[in-house]
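Chain naming here is simple, since letters A, B, ... match the order of the sequence lines and numbering starts at 1 in each. Every value quoted in this text rests on a predicted model; they were computed, and no experiment measured them.
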Number of protein chains: 2
Amino acid sequence: MSRTVYVNGEFLPEENAKISVFDRGFLFADAVYEVCPVLGGGIADADAHLARLARSLKELQFPDHYSASEYLPLLKTLVRNNKLEEGLIYIQVTRGTQDRDFNFPQNTDPSVVMFTQAKNVVDNPQVKTGISVVTVPDIRWQRCDIKTVGLLPACLAKAEATRQGANDAWMHDNDGNITEGSSNNAYIITGEGKLVTRHLSNAILHGITRVSVLKLVEQANLVLEERPFSIAEAENAAEAFSSSASSFVMPVTTINGNRISDGKPGSNTLKLRELCINAAIQSAATTQATTPGRVAKAHSA
Amino acid sequence: MSRTVYVNGEFLPEENAKISVFDRGFLFADAVYEVCPVLGGGIADADAHLARLARSLKELQFPDHYSASEYLPLLKTLVRNNKLEEGLIYIQVTRGTQDRDFNFPQNTDPSVVMFTQAKNVVDNPQVKTGISVVTVPDIRWQRCDIKTVGLLPACLAKAEATRQGANDAWMHDNDGNITEGSSNNAYIITGEGKLVTRHLSNAILHGITRVSVLKLVEQANLVLEERPFSIAEAENAAEAFSSSASSFVMPVTTINGNRISDGKPGSNTLKLRELCINAAIQSAATTQATTPGRVAKAHSA
């Protein structure tokens, strides 16, 4: 069955979900996005994602348009229309449509697109084995803190991982320190129980799941160190993982062909994953879009 | 009257020229483009632009699809359908449409979009006065030699120029050397008749108009130096200009508020512009898409 996709005020079958070729999202990657986990029909961390969306728009000098309070009902409607219980919801906002010109348009309404993806985000089979990553140079622009759709460097990093037979890529700066994963934040745990992840700056995305993970450090009996860590440190870590809205906490068990400890997902990592998912489930419950009753009602209407 | 736009095999009125929101050009800026000047109904430097397009696609591991010989008839048809005598023709190729996933799709046809823009590219009023530029840090990715649609940093540079009351921005690297303009290559001419422009590397676009300009150096009695030049050198140059397919050679008469020489377009610059336009007109004549007779015929049909 075809998904329902939101495009500029309309809920459309996905095959009709189209935008103008003059949309600045298409011509200039002049657009930002968010991805939220959907659990039990509720949207996890919706407020945090919408706050970050607002920040991205502000950093790029978008005109004010929707506020978070206006997005949330649309997101809920879309989850409900698609009867989505578990998966992701994607939001993209572009600077709108005008004839091609590098200059920002003056009076153009932003375009808004939202769609869902059904997916087992909790029972992800990769968690059992962990994933393998390779390191690649970080060739992205200098404002990776803004969540733009300029994702080609990330796609190329992922393609390089695939070419090398790995699941994902971690990017490193010119000093050989890891910045982040292709579409996730990167972490190691040392033998002394220190959780190390790069400090916030323009070099990395300020992950919403990263915030959740960092809140859980004490509960997991770890000590936090926000600082750059090197490729060698990562390869020799006791545990390693990445975090994102679509994977929560994902164990990394091989880096550049080197097994991390015994090559199995680390116990601290799995503990953090469990805590993180529990927190997401709780958050999602407060932003419930579907209930069995409501879905049935919508169905019989 | 509405333009005719080419989208994936169809010639459509511009209001119907749409692509899927799942197109990777829209979601990931996973797309490349070219802009060719149209003069007298012919397409200038078509072969060089199509060769660069092929190179961009190859660098990004796109599957083979159209070859240059297949694009050219489509471009000509579009120019003819739009009765375009002078302006630009734009080509964008994306990796195609699939549900959102960073991994490159395996069996997806690239999307192809082409449209025209009517514009006085020869009698550009800015040439008389020259333009003002400001310098801004170059924050782009490290493969600026690939002509991707990841143009948000360029748009931001242009917006910063506008904010400062200037016409354009020249970008500089961490060493304070100019890389290139927001959407053009950058040049200075010294008092000793040296034409200085940054050498080719991954840091700049390998401009087709840059090739034309460099071919004309001797004819303009100048000596070429391909090397980095600093902001201070630019501010104190005898002449300055930028080059692009849409502006050919554009005199720059103010840099960061500093007048270049007497603040009027330089004589060498104007000579290069004349030579460059003549070369483009000659090139366009070999790729004629419209003739008065043909247009009249198309009209009466």
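- With Phe28(A) as the aromatic partner, Arg95(A) does not meet the cation-pi criteria of under 6.0 angstrom to the ring centre and within 45 degrees of the ring axis.
- Counting heavy-atom pairs closer than 4.5 Å to chain B, the top residue among Val113(A), Asp99(A), Asn103(A) is Asp99(A).
- For the set Thr97(B), Ile19(B), Asp30(B), the count of heavy-atom pairs under 4.5 angstrom toward chain A peaks at Ile19(B).
- Annotation: Phe115(A) is not in aromatic contact with Tyr6(A) [ring centroid separation under 6.0 Å not met].
- Proximity to chain A involves both the backbone and the side chain of Val21(B), based on heavy atoms less than 4.5 angstrom apart.
- For chain A, the nearby parts of Arg100(B) are the backbone and the side chain; heavy atoms of each come within less than 4.5 Å.
- Options Gln117(A), Arg143(A), Arg140(A), Gln61(A) differ in how many heavy-atom pairs under 4.5 Å they form with chain B, and the most are formed by Gln117(A).
- The backbone N or O of Ser132(A) sits less than 3.5 Å from a side-chain atom of Asn167(A), completing a donor-acceptor pair.
- For chain A, the nearby part of Ser182(B) is the backbone; its heavy atoms alone come within less than 4.5 Å.
- Neither the backbone nor the side chain of Glu15(B) comes within less than 4.5 Å of any heavy atom in chain A.
- For the options Asn16(B), Leu88(B), Val149(B), heavy-atom pairs under 4.5 Å to chain A are most numerous at Val149(B).
- A distance-only check finds a donor-acceptor pair linking the side chain of Glu86(A) to the backbone of Val121(A) [under 3.5 Å].
- Looking at Thr148(B), only its side chain comes within 4.5 Å of chain A, counting heavy atoms on both sides.
- Proximity of Asp145(A) to Arg55(A): side-chain heavy atoms (C-beta onward) are separated by under 4.5 Å at one or more points.
- Chain B forms more heavy-atom pairs under 4.5 Å with one residue of Leu60(A), Thr162(A), Val7(A) than with any other, namely Leu60(A).
- Taking Gly25(A), Ala17(A), Gly150(A) one by one and counting their heavy-atom pairs under 4.5 Å with chain B, the maximum is reached by Ala17(A).
- Counting only distance, with no hydrogens or angles, the side chain of Arg24(A) and the backbone of Ser111(A) share no donor-acceptor pair below 3.5 Å.
- The backbone N or O of Ser243(A) lies less than 3.5 Å from no partner atom in the side chain of Ser247(A), so there is not a single donor-acceptor pair.
- Side-chain polar atoms of Gln142(A) and Asn202(A) form no donor-acceptor pair below 3.5 angstrom.
- Only the side chain of Asp23(B) comes within contact range of chain A, with heavy atoms under 4.5 Å apart.
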